[in-house]
K.L.:
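Pasting in a structure now, in structure tokens, and then I'll have a few things to ask.
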Amino acid sequence: MDQNVIAQDKLYIGGEWRRGRGADITSNFPADGSHNATLPGASLEDVDLAIERAQDAVNDPAWRKLLPHERATYLYRIAESIARHADRISHVQSRDTGKTLSETRALAMSASGTFRYMAAALETMEDTLTPPRGNYLTMSVYEPLGVTAGITPWNSPIASDAQKVAPALAAGNAILLKPSSWSPLVCLELARVIEEAGLPKGLFSTLPGAGSIVGERIVTHKAIKKVSFTGGTATGRDIARKAAGKLMPVSLELGGKSPTIVFADADLDLAVAGVMFGIFSSTGQSCIAGSRLFVERSIYDAFVAKLVAATERLKVGHPFEATTQVAPLIRPKHRDEVEDHVAKARADGGKVLTGGERPTGSDYKDGTYYRPTIIAGLGNDSRLCREEVFGPVLAVLPFDNEGDLIRQSNDNDYGLASGIYTRDFPKAWRIARSLDTGTVWINTYKQFSISTPFGGTKDSGVGREKGRDGIRAWMAQKSVYCDLSQAPHPWAKSAL
Ligand code: NAD
């Protein structure tokens with residue numbers, strides 16, 4: 001690995017670069033297994049130190065007394081700093097995760113946009129004067145929570161990190177960031193740009209380490225006033241249980257098994273492109289991957305044939321090649337898990353229409369590649385349609401009418417996202433309002449805007465990120481009543 005890119009082996013704790021005192025974490029390049037870096041992870045003492053420094057920093061008048069537009073200045077600077085170093089961040093992220101450079105660059109720029117948006121939202125955020133029911137002013141105001149934490153997964157690190165760090169800081173908090181051990185390097189790049197932007201020391205620390213050790217300490221520590229978690233549903237449930245023990249608010253962005261729907265009247269080229277992008281971009285390692293495809297029966301055979309043919313033309317390749325559409329999976333163990341899902345689907349009677357194997361050839365032999373896979377012949381209650389694969393594996397199913405479609409789409413534990421392809425907009429609207437998912441895309445898929453809230457229903461999570469209210473999710477609401485009469489309360493008057 002280019003040492004100019006991973007130039008140090010220290011963590012950013014309490015505003016200083018320190019050697020982690022926890023277990024080593026190794027990052028390898030998924031395209032060929034070569035070694036990126038070995039990093040000493042955070043220990044429990046490191047977590048405690050980060051919390052101590054964060055408490056000092058968040059209570060320091062130099063931060064606490066800043067007016068919103070002054071606090072926003074730091075976020076604007078972080079946004080600029082990320083944009084300035086986007087190439088470097090992108091390179092590190094691609095080495096760490098195996099994602100294509102074009103995707104990681106977009107993620108870096110999206111992180112920059114998140115800081116900019118949250119700065120602007122902070123500057124324009126208003127408290128509320130509520131209608132009084134007496135001779136007083138009544139107000140609803142929002143205040144920082146204190147020391148908070150973000151726990152993030154490996155699949156889109158810089159973007160999911162920014163979605164937690166930016167609103168947390170905008171809200172006036174300190175934040176500890178615990179990234180996944182599978183992608184430990186990107187958070188250090190975020191720490192560098194935050195340091196470059198001059199954020200007061202202690203407000204941000206990054207603590208890569210095992211979830212069961214570092215993550216658990218963060219969640220259970222009494223000084224942590226909120227955890228925003230993105231990751232798997234089982235982990236999210238565990239965190240929610242622990243948070244309940246100390247009555248701490250949590251936001252949970254969890255897994256998905258999102259339905260994509262193609263009606264017979266759809267623009268079929270647009271639908272094929274959207275379906276492929278929805279499931280095979282990011283090599284399917286996306287919470288919102290459109291992994292269950294429902295196609296209206298009258299066009300089912302023709303549409304699936306067109307989709308299979310187009311899927312076979314996708315370029316599986318090296319993350320640094322500009323033409324690559326499907327890059328390697330994050331690591332060998334994860335590819336084993338994807339393969340296990342496909343084996344189970346075959347055992348359940350599924351018919352693999354394309355893929356279902358590793359690509360062959362010298363270009364692929366050392367990387368964790370897997371071919372885009374389409375499987376037919378399984379019902380909506382099959383394991384493939386119930387379990388999140390988190391890889392490039394699509395289940396295709398026919399549907400007969402709107403009632404059948406809504407029933408099947410919603411008959412799933414998850415409720416993160418969905419996609420609809422049709423030229424009939426009243427129908428699209430009707431279906432969109434009937435789908436039990438946090439996001440619905442119509443004639444598109446996997447499009448995001450920081451100004452539009454995001455989150456799931458059912459096992460896909462609790463709470464929303466992004467949007468103007470994204471900052472308030474990191475604040476404590478307070479009601480203030482201010483008497484205007486300047487007269488003693490009539491109840492006590494006789495006693496005066
Ligand atoms: P994961 O749940 O294994 O890990 C996520 C994070 O939680 C990691 O940092 C991990 O170290 C930490 N963690 C693990 N156990 C912990 C514990 N007991 N206490 C505290 N922290 C702990 O998930 P993953 O494999 O990293 O990511 C993939 C999952 O994330 C998929 O299910 C995917 O759908 C989901 N995801 C959801 C969204 C969303 O916005 N809804 C976005 C991306 C990924």
K.L.:
Validate the cation-pi geometry between Lys446 and Trp441: distance from NZ or CZ to the six-membered ring centre under 6.0 Å, angle to the ring axis within 45°.
P.N.:
no
K.L.:
Looking at side-chain heavy atoms only, is the closest gap between Thr260 and Tyr421 below 4.5 Å?
P.N.:
yes
K.L.:
How about Tyr481: does its OH atom have over 12 heavy atoms from other parts shown lying under 6.0 Å from it?
P.N.:
no
K.L.:
Quick one: CG on Leu394 to CD1 on Ile374, what's the gap to the nearest 0.5 Å?
P.N.:
5.5 Å
K.L.:
Please evaluate residues Arg430 and Glu402 with respect to the criterion salt bridge (charged side-chain N to carboxylate O under 4.0 Å, His left out), reporting the C-alpha separation (whole Å), side-chain torsions for both, the decisive distance (0.1 Å), and the verdict.
P.N.:
CA-CA 10 Å; Arg430 205 162 55 232; Glu402 282 186 31; 2.6 Å; yes
K.L.:
Please lay out, stage by stage, how Asp336 and Lys333 fare under the test salt bridge (charged side-chain N to carboxylate O under 4.0 Å, His left out).
P.N.:
CA-CA 5 Å; Asp336 293 346; Lys333 186 169 177 294; over 6 Å; no
K.L.:
Looking at side-chain heavy atoms only, is the closest gap between Lys164 and Ile175 below 4.5 Å?
P.N.:
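Sidechains of Ile175 and Lys164: in contact.
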K.L.:
Is the backbone of Ala168 close enough, under 3.5 Å, to the side chain of Asn173 for a donor and an acceptor to pair up by distance?
P.N.:
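Judged by distance alone, yes, a pair lies under 3.5 Å.
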K.L.:
Indicate whether the side chain of Ser94 and that of Thr104 have a donor and an acceptor atom separated by less than 3.5 Å.
P.N.:
yes
K.L.:
Could you tell me whether Asp265 and Arg423 make a salt bridge, using a distance below 4.0 angstrom between a side-chain N and a carboxylate O?
P.N.:
no
K.L.:
Are more than 12 heavy atoms, taken from residues, nucleotides or ligands other than Lys315, located less than 6.0 Å from that residue's NZ atom?
P.N.:
yes
K.L.:
Closer than 3.5 angstrom, by distance alone: can the side chain of Thr128 be matched with the main-chain N or O of Thr130 as a donor-acceptor pair?
P.N.:
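Looks like no, no N/O pair under 3.5 Å.
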K.L.:
Under a 4.0 Å threshold between the charged nitrogen and the carboxylate oxygen, would Asp238 count as salt-bridged to Lys242?
P.N.:
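Salt bridge present between Lys242 and Asp238.
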K.L.:
Using ring centroids (six-membered ring only for Trp), state whether Tyr370 and Phe280 fall under 6.0 Å.
P.N.:
no
K.L.:
Is the shortest side-chain heavy-atom distance between Val262 and Val275 below 4.5 Å?
P.N.:
yes
K.L.:
Counting distance only, does the side-chain N/O of Glu216 pair as donor-acceptor with the main-chain N or O of Val214 below 3.5 Å?
P.N.:
no
K.L.:
Test the Arg95-Phe29 pair against the cation-pi criterion, namely NZ or CZ under 6.0 angstrom from the six-membered ring centroid and within 45° of the ring axis.
P.N.:
yes
K.L.:
Taking the six-membered ring where the residue is Trp, are the ring centres of Tyr445 and Phe277 under 6.0 Å apart?
P.N.:
no
K.L.:
One thing to verify: whether Asp411 and Arg386 come together as a salt bridge, which I'm taking to mean a side-chain N less than 4.0 angstrom from a carboxylate O.
P.N.:
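Looking at Arg386 and Asp411, the cut-off is met.
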K.L.:
Quick check with a 6.0 Å cut-off and a 45 degree axis cone: is Lys466 positioned over the face of Phe454's six-membered ring?
P.N.:
yes
K.L.:
Under 3.5 Å, is there a donor-acceptor pair between the Gln163 and Thr114 side chains?
P.N.:
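Side-chain D/A pair, Gln163 to Thr114: absent.
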K.L.:
Say whether Ser291 and Glu388, considering side chains only, have a donor N or O and an acceptor N or O under 3.5 Å apart.
P.N.:
no
K.L.:
Within the side chain of Gln285, is there an N or O that forms a donor-acceptor pair under 3.5 Å with the backbone of Ile330?
P.N.:
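Between the backbone of Ile330 and the side chain of Gln285 there is a qualifying donor-acceptor contact (under 3.5 Å).
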K.L.:
Backbone N or O of Asp436 within a donor-acceptor pair of the Thr457 side chain at under 3.5 Å?
P.N.:
yes
K.L.:
Quick one, Val141 with Gln477, criterion side-chain contact (heavy atoms from CB on, under 4.5 Å). Give me CA distance, side-chain angles, the key distance, then yes/no.
P.N.:
CA-CA 6 Å; Val141 299; Gln477 186 277 342; over 6 Å; no
K.L.:
Please determine whether side-chain contact (heavy atoms from CB on, under 4.5 Å) holds for the pair Val272 and Phe303, giving the CA-CA distance in whole Å, both sets of side-chain angles, and the decisive distance to 0.1 Å.
P.N.:
CA-CA 8 Å; Val272 166; Phe303 185 81; 3.5 Å; yes
K.L.:
Are any side-chain N or O atoms of Ser286 and backbone N or O atoms of Ser282, one a donor and one an acceptor, separated by less than 3.5 Å?
P.N.:
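No; judged by distance alone, with no hydrogens or angles, the pair does not exist.
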K.L.:
Does some side-chain heavy atom of His341 sit less than 4.5 Å from a side-chain heavy atom of Glu387?
P.N.:
yes
K.L.:
Would you check, one step at a time, whether the test side-chain contact (heavy atoms from CB on, under 4.5 Å) holds for Ile431 with Ile406?
P.N.:
CA-CA 7 Å; Ile431 303 291; Ile406 300 294; 3.9 Å; yes
K.L.:
How many angstroms lie between CZ in Arg335 and CG in Asp340, if you round to the nearest 0.5 Å?
P.N.:
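Nearest 0.5 Å value for the CZ-CG distance: 14.0 Å.
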K.L.:
Please confirm whether the backbone N or O of Thr373 pairs with a side-chain atom of Thr311, one donor and one acceptor, at under 3.5 Å?
P.N.:
no
K.L.:
Kindly determine whether Asp413 and Lys257 satisfy salt bridge (charged side-chain N to carboxylate O under 4.0 Å, His left out), including the steps that lead there.
P.N.:
CA-CA 8 Å; Asp413 288 341; Lys257 195 79 216 177; over 6 Å; no
K.L.:
Looking only at side-chain N and O atoms, does Asp96 offer a donor or acceptor that is under 3.5 Å from a partner on Ser27?
P.N.:
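Side-chain D/A pair, Ser27 to Asp96: present.
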K.L.:
Just so I know, are the side chains of Phe390 and Glu337 near enough to count as touching, which here means a heavy-atom distance under 4.5 Å?
P.N.:
no
K.L.:
Show the numbers, then the answer: is there a side-chain hydrogen bond (donor to acceptor under 3.5 Å, both in side chains) between Arg292 and Asn380?
P.N.:
CA-CA 8 Å; Arg292 287 184 296 149; Asn380 188 44; 2.9 Å; yes
K.L.:
Side-chain contact test, heavy atoms from C-beta onward, threshold under 4.5 Å: evaluate it for Val393 versus Val338 and give yes or no.
P.N.:
yes
K.L.:
Whether the side chain of Thr437 engages the backbone of Gly415 through a donor-acceptor N/O pair (distance < 3.5 Å, no angle test) should be reported.
P.N.:
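A pair under 3.5 Å: no.
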K.L.:
Report the distance from atom CD1 of Ile288 to atom OG of Ser281, rounding to the nearest 0.5 Å.
P.N.:
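So the CD1 of Ile288 and the OG of Ser281 are separated by 8.0 Å.
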K.L.:
Output, in order, the C-alpha distance, side-chain angles, deciding distance and verdict of ring-ring contact (aromatic ring centres under 6.0 Å, His included) for Tyr300 and Phe294.
P.N.:
CA-CA 9 Å; Tyr300 178 84; Phe294 294 98; over 10 Å; no
K.L.:
Please determine whether a side-chain nitrogen of the Lys or Arg among Arg358 and Glu339 lies less than 4.0 Å from a carboxylate oxygen of the Asp or Glu.
P.N.:
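So Arg358 pairs with Glu339 through a salt bridge.
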K.L.:
Ignoring hydrogens and angles, tell me if any N or O in the side chain of Glu296 forms a donor-acceptor pair with the backbone of Ala264 under 3.5 Å.
P.N.:
yes
K.L.:
Are any of the side-chain heavy atoms of Ile78 and Leu169 separated by less than 4.5 Å?
P.N.:
yes
K.L.:
Given side-chain contact (heavy atoms from CB on, under 4.5 Å), test Lys306 with Asp269 step by step and report yes or no.
P.N.:
CA-CA 9 Å; Lys306 190 175 167 71; Asp269 281 343; 2.7 Å; yes
K.L.:
State the OG-CG distance between Ser434 and Asn410, to the nearest 0.5 angstrom.
P.N.:
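Output value for this atom pair is 7.5 Å.
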K.L.:
Is it true that the side chains of Thr124 and Glu126 contain a donor and an acceptor less than 3.5 Å apart?
P.N.:
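Short answer, no.
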K.L.:
Are Phe115 and Val165 packed together at the side-chain level, in the sense that at least one heavy-atom pair is separated by less than 4.5 angstrom?
P.N.:
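Sidechains of Val165 and Phe115: in contact.
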K.L.:
How many angstroms lie between CD in Glu465 and OG in Ser251, if you round to the nearest 0.5 Å?
P.N.:
5.0 Å
K.L.:
Side chains of Ser382 and Asp348: donor-acceptor distance under 3.5 Å anywhere?
P.N.:
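Checked: Ser382/Asp348 side chains show no N/O donor-acceptor pair below 3.5 Å.
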K.L.:
Can you list the steps and then say if Asp459 with Thr233 is a side-chain hydrogen bond (donor to acceptor under 3.5 Å, both in side chains)?
P.N.:
CA-CA 6 Å; Asp459 282 4; Thr233 297; 5.7 Å; no
K.L.:
In Å and rounded to the nearest 0.5 Å, what is the CG to CG distance from Leu293 to Leu397?
P.N.:
8.0 Å
K.L.:
Given Pro157, which partner from the list Ile89, Thr97, Val92 fulfils the side-chain contact (heavy atoms from CB on, under 4.5 Å) test?
P.N.:
Thr97
K.L.:
Establish, for the pair Lys478 and Tyr142, whether the NZ or CZ atom is under 6.0 angstrom from the six-membered ring centre and no further than 45 degrees off its axis.
P.N.:
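Relative to the ring axis of Tyr142, which defines the angle, Lys478 lies outside at least one limit.
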K.L.:
Looking only at atom types and distance, does a side-chain atom of Lys99 sit under 3.5 Å from a main-chain N or O of Ala327, one as donor and one as acceptor?
P.N.:
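No, Lys99 side chain to Ala327 backbone: no donor-acceptor pair under 3.5 Å.
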